[in-house]
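Reviewing the structure listed below.
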2 protein chains.
Amino acid sequence: MPLDSLHLDAVSVVTNIYRVAQGLRNKMEREVLSTHGLSWTSFSILYDLWIWESVETKKLAELTAVSKATISNITKTLERKEFCYRKTDIRDRRITYVTITDKGKEIMEELYPQFHKGEIEIVSSLTVEEQKNVSEILRRVIRENKF
Amino acid sequence: MPLDSLHLDAVSVVTNIYRVAQGLRNKMEREVLSTHGLSWTSFSILYDLWIWESVETKKLAELTAVSKATISNITKTLERKEFCYRKTDIRDRRITYVTITDKGKEIMEELYPQFHKGEIEIVSSLTVEEQKNVSEILRRVIRENKF
DNA sequence: TCAAAATCGTTAGCTATGAAACGATATTAC
DNA sequence: GTAATATCGTTTCATAGCTAACGATTTTGA
């Protein structure tokens, strides 16, 4: 593959997106989530439960874009910490619902403001105009690739 | 925390970046890297070795933004597959150099074009202008946050 | 009606991941 | 010169994360 056939702008976009995502995740886990032993994905799941109160594991896998096996493991960990509990559906016993507990809600009420503060900090070097612009472009990438 | 104090544009940027990064990684691992049992990070490490031929583990940890423990484990896996080998420095025996093998180079010569094709596909809905624009903005985020 | 197919969550077995502790080595301070 | 300190990579131990296989359940089709 000759060098002049490389699409350097595409490489640059992909590389930079991944690096920001990685930095983002590390920063949040280190500065915010570690205080309650949560990983990025655990937090995402708990966030979804906070919003929806109760969600099927299959739906959780779609929302967070990880495999159902991972959902199974992480909700097990969250259940051990008493942040949520699992219960099989009575009508269709193949389905399991995960529900947030009061303790889980308290954690989110404490952590979310800190998390949001981190989000603001990370993009603070961009104007609101640039933020809107990047979001719109990324949404298009998400849509076109069905991410 | 009242809803009207949420910086929704910041939330949107962060959420979309993470989702694209996740989709990106999953797509590449599924469609390209899985044929040789490589993870995204394994591939990144092998890529750096391909470029530099031989790199200290400490440097690898910085380049790929993962912990030195992870580098230790992954290079061990890569060594078992005979894609690289490790050797302690003679002068300073605390340092370990990781070097790519011929087999490792062959794999990269096969995989990189496929990987690059994937990169192009992912951002194909954006104009080159938009790609340059997003890259520039993300580079600023990386710089300001020291990611 | 009831056997085949589809759906769902968990388990098994693997690699990845980080923090902390550790062991070996090198550097610094006095 | 040597004791304290710093550096580096590995190991340990826990969770995360994937695919594939599985077991239980429900739906479908003839």
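In what follows, every chain begins at residue 1, and chains take the letters A, B, ... in the order their sequences are listed.
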Item checked: N-O pairing of B:D92 and B:R94 below 4.0 Å -> yes

Item checked: A:K68 or B:T57, whichever maps to the more 5' nucleotide of DNA chain D -> B:T57

Check: Counting only heavy atoms not in A:R86, do more than 12 fall under 6.0 Å of its CZ?
Finding: yes

Item checked: The single option from A:E109, A:E79, A:E82 passing salt bridge (charged side-chain N to carboxylate O under 4.0 Å, His left out) against A:K103 -> A:E82

Checklist line | Side-chain N,O (A:S39) to OP1/OP2 (D:dA16) below 4.0 Å | finding: yes

Next item on the list: Taking only the side-chain nitrogens and oxygens of A:K76, find out if one of them lies under 4.0 Å from OP1 or OP2 of C:dT11.
Entry: yes

Next item on the list: Using only heavy-atom distances, determine whether the side chains of A:S39 and A:S42 contain a donor-acceptor pair under 3.5 Å.
Entry: yes

Next item on the list: Would you mind classifying the nucleic acid contact of B:N73 as base, sugar-phosphate or nothing, using non-hydrogen atoms under 4.0 angstrom?
Entry: base

Item checked: Value in whole Å for how far the P atom of C:dT25 lies from CZ of B:R94 -> 11 Å

Check: Are B:E29 and B:R25 ion-paired here, with the side-chain N under 4.0 Å from a carboxylate O?
Finding: yes

Check: Does OP1 or OP2 of C:dA16 have a side-chain N or O of B:T77 closer than 4.0 Å?
Finding: yes

Notebook entry, point to check: Whole Å only: how far is the CZ atom of B:R93 from the P atom of C:dT27?
Noted result: 14 Å

Check: Using a cut-off of less than 4.0 Å, is there contact between a side-chain N or O of B:R86 and OP1 or OP2 of D:dT10?
Finding: yes

Next item on the list: Using atom CZ of B:R30 as one end and atom P of D:dA20 as the other, report the distance to the nearest whole Å.
Entry: 12 Å

Checklist line | A:I74 CD1 - C:dT11 P separation (whole Å) | finding: 15 Å

Check: Between B:T41 and C:dT17, is there a side-chain N or O to OP1/OP2 distance below 4.0 Å?
Finding: yes

Next item on the list: Counting heavy atoms from C-beta on, name the nucleotide in C:dG9, D:dG17, C:dT11 closest to the side chain of A:A69.
Entry: C:dT11

Margin query: Without decimals, in angstroms, what is the distance between A:Q22 CD and C:dA16 P?
Written below: 14 Å

Note to self: What's A:R25 touching, base or sugar-phosphate or nothing? Going by heavy atoms closer than 4.0 Å.
What the structure shows: sugar-phosphate

Notebook entry, point to check: Does a side-chain N or O from A:T88 land closer than 4.0 Å to OP1 or OP2 of C:dG9, or not?
Noted result: no

Margin query: For C:dA16 and B:T70 - does any side-chain N or O of the residue sit under 4.0 Å from the phosphate oxygens OP1/OP2?
Written below: no

Notebook entry, point to check: Think A:S67 has a side-chain N or O under 4.0 angstrom from the OP1 or OP2 of D:dC18?
Noted result: yes

Next item on the list: In whole angstrom, give the distance that lies between atom CE of B:M28 and atom P of D:dG17.
Entry: 20 Å

Notebook entry, point to check: Does the side chain of A:K58 get closer than 4.0 angstrom to OP1 or OP2 of C:dC8 through an N or O atom?
Noted result: yes

Check: For A:F43 and D:dT15, what is the distance between atoms CZ and P respectively, to the nearest whole Å?
Finding: 20 Å

